[in-house]
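Here the structure is a predicted model, which means the values were calculated and not measured.
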Amino acid sequence: MPKPLSLPFDPIARADDLWKQRWGSAPSMAAITSIMRAHQILLAEVDAIVKPYGLTFARYEALVLLTFSRAGELPMSKIGERLMVHPTSVTNTVDRLVRSGLVTKRPNPNDGRGTLASITDEGRTVCDAATRDLMAADFGLGVYDAEECREIFALLRPLRVAARDFEAAGPGEDRPE
């Protein structure tokens with residue numbers, strides 16, 4: 001859990017007021033600043049939850065992704081694509097998981113230049129335990145109910161579509177429950 005700021009005022013609301021006085025109204029400035037602060041708060045909280053397992057949230061996400069794969073293994077390039085991170089970050093993340101005994105790496109037989117990352121039995125055990133703890137803490141979003149979490153997802157989705165993270169399938173598409 002991040003250290004509380006315990007300020008006697010909302011610094012983002014204050015910045016919004018000062019912004020209006022200097023440059024005019026810009027609701028997007030207050031929104032982005034709130035999103036960035038929320039990111040800091042949530043990342044600190046989820047990292048604290050998975051830390052006892054020797055994980056960061058990024059490493060946890062890689063383990064989860066491997067558990068979702070049919071064979072428990074994926075090419076490094078696919079891991080980067082699915083986690084939406086740079087190849088260097090994937091290499092660093094997976095190498096740390098390998099050193100922890102949670103993942104193994106081997107040459108990809110279908111791609112002479114590629115590498116497969118595979119989750120170990122210990123990796124599955126750690127992933128399951130960390131998942132239980134994260135779910136018990138509502139992934140740091142316990143101040144919101146299920147409907148509000150769905151609303152947050154829906155509000156942020158157009159931003160991800162505009163960034164071309166994926167092609168929007170439209171109505172009837174699967175959404176988090």
Side-chain angles (χ1 to χ4, degrees), residues 1-16 27-69 72 74 78-86 88-103 117 119-120 122-166 168 173-177:
M1 186 71 164
K3 182 180 178 231
L5 296 178
S6 301
L7 298 173
F9 62 93
D10 179 344
I12 297 174
R14 173 82 50 92
D16 185 43
S28 55
M29 185 284 297
I32 186 68
T33 307
S34 294
I35 290 168
M36 299 305 267
R37 179 61 183 142
H39 175 262
Q40 291 171 342
I41 293 165
L42 292 170
L43 190 56
E45 188 162 341
V46 296
D47 273 346
I49 292 168
V50 299
K51 185 177 182 177
Y53 300 101
L55 299 174
T56 61
F57 193 65
R59 287 182 224 148
Y60 168 77
E61 288 180 305
L63 287 178
V64 168
L65 181 61
L66 290 170
T67 67
F68 288 164
S69 67
L74 287 169
K78 191 64 73 180
I79 293 171
E81 179 184 292
R82 300 268 169 84
L83 294 179
M84 300 169 277
V85 296
H86 190 274
T88 304
S89 296
V90 173
T91 300
N92 181 29
T93 297
V94 171
D95 285 351
R96 288 177 180 260
L97 290 168
V98 168
R99 285 194 294 275
S100 298
L102 305 178
V103 168
I119 191 165
T120 65
E122 183 182 354
R124 288 182 188 279
T125 300
V126 166
C127 184
D128 288 345
T131 298
R132 278 190 298 275
D133 290 353
L134 285 165
M135 289 180 67
D138 288 322
F139 290 86
L141 292 169
V143 298
Y144 301 104
D145 65 23
E147 183 56 34
E148 289 169 322
C149 287
R150 283 190 278 280
E151 288 175 28
I152 292 168
F153 172 81
L155 283 169
L156 295 175
R157 191 169 190 279
L159 182 66
R160 298 183 307 115
V161 170
R164 295 190 186 133
D165 279 356
F166 58 96
E173 164 183 66
D174 290 337
R175 290 186 184 10
E177 289 298 320

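Taking both residues in full, the closest heavy atoms of Thr67 and Val64 are given as OG1-O, 2.7 Å, listed atom of the first, atom of the second, then distance. Considering all non-hydrogen atoms of both residues, Val143 and Glu148 come closest at O-OE1, 4.2 Å. The two residues Met84 and Asp165 have their closest heavy-atom pair at SD-OD2, 3.8 Å. For the residue pair Ala58 and Thr93, the shortest heavy atom distance occurs at O-CG2, 4.0 Å.
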Which is it for Leu134 and Phe57 under the side chain to side chain contact (heavy atoms under 4.5 Å, CB included) test, yes or no, and what are the steps along the way?
CA-CA 10 Å; Leu134 285 165; Phe57 193 65; 4.1 Å; yes
Quick one: do Leu65 and Ile79 satisfy side chain to side chain contact (heavy atoms under 4.5 Å, CB included)? Show the steps, please.
CA-CA 7 Å; Leu65 181 61; Ile79 293 171; 4.1 Å; yes
Could you please spell out the steps behind the side chain to side chain contact (heavy atoms under 4.5 Å, CB included) verdict for Phe153 and Arg160?
CA-CA 10 Å; Phe153 172 81; Arg160 298 183 307 115; 3.4 Å; yes
Can you list the steps and then say if Leu83 with Val90 is a side chain to side chain contact (heavy atoms under 4.5 Å, CB included)?
CA-CA 9 Å; Leu83 294 179; Val90 173; 5.7 Å; no
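Counting only distance, with no hydrogens or angles, the side chain of Asp138 and the backbone of Gly140 share no donor-acceptor pair below 3.5 Å. A distance-only check finds a donor-acceptor pair linking the side chain of Thr131 to the backbone of Cys127 [under 3.5 Å]. One N or O on the side chain of Ser69 and one on the backbone of Leu66 form a donor-acceptor pair closer than 3.5 Å. Panel note: side chain Thr120, backbone Gly101; a donor-acceptor pair is recorded below 3.5 Å.
The distance from atom OG1 of Thr91 to atom NE2 of His86, rounded to the nearest 0.5 Å, is 9.5 Å. Taken to the nearest 0.5 Å, the CG atom of Leu97 stands 13.0 Å off from the OH atom of Tyr60. Between the CG atom in Asp47 and the CZ atom in Arg59 there is a gap of 9.0 Å [rounded to 0.5 Å]. Atom CG of Asp128 is separated from atom CG of Leu63 by 10.0 Å, given to the nearest 0.5 angstrom. The distance from the CZ atom of Arg96 to the CG atom of Leu55 is 12.0 Å, given to the nearest 0.5 Å. Atom CG of Leu42 and atom CG of Leu141 lie 5.0 Å apart (nearest 0.5 Å).
Side-chain atoms of Ile49 and Met135, non-hydrogen and from C-beta on, never get closer than 4.5 Å to each other. Tyr144 is not listed as a side-chain neighbour of Arg150, based on a closest heavy-atom distance of 4.5 Å or more.
Within a 6.0 Å radius of CZ in Phe9, more than 12 heavy atoms belonging to other residues, nucleotides or ligands are found.
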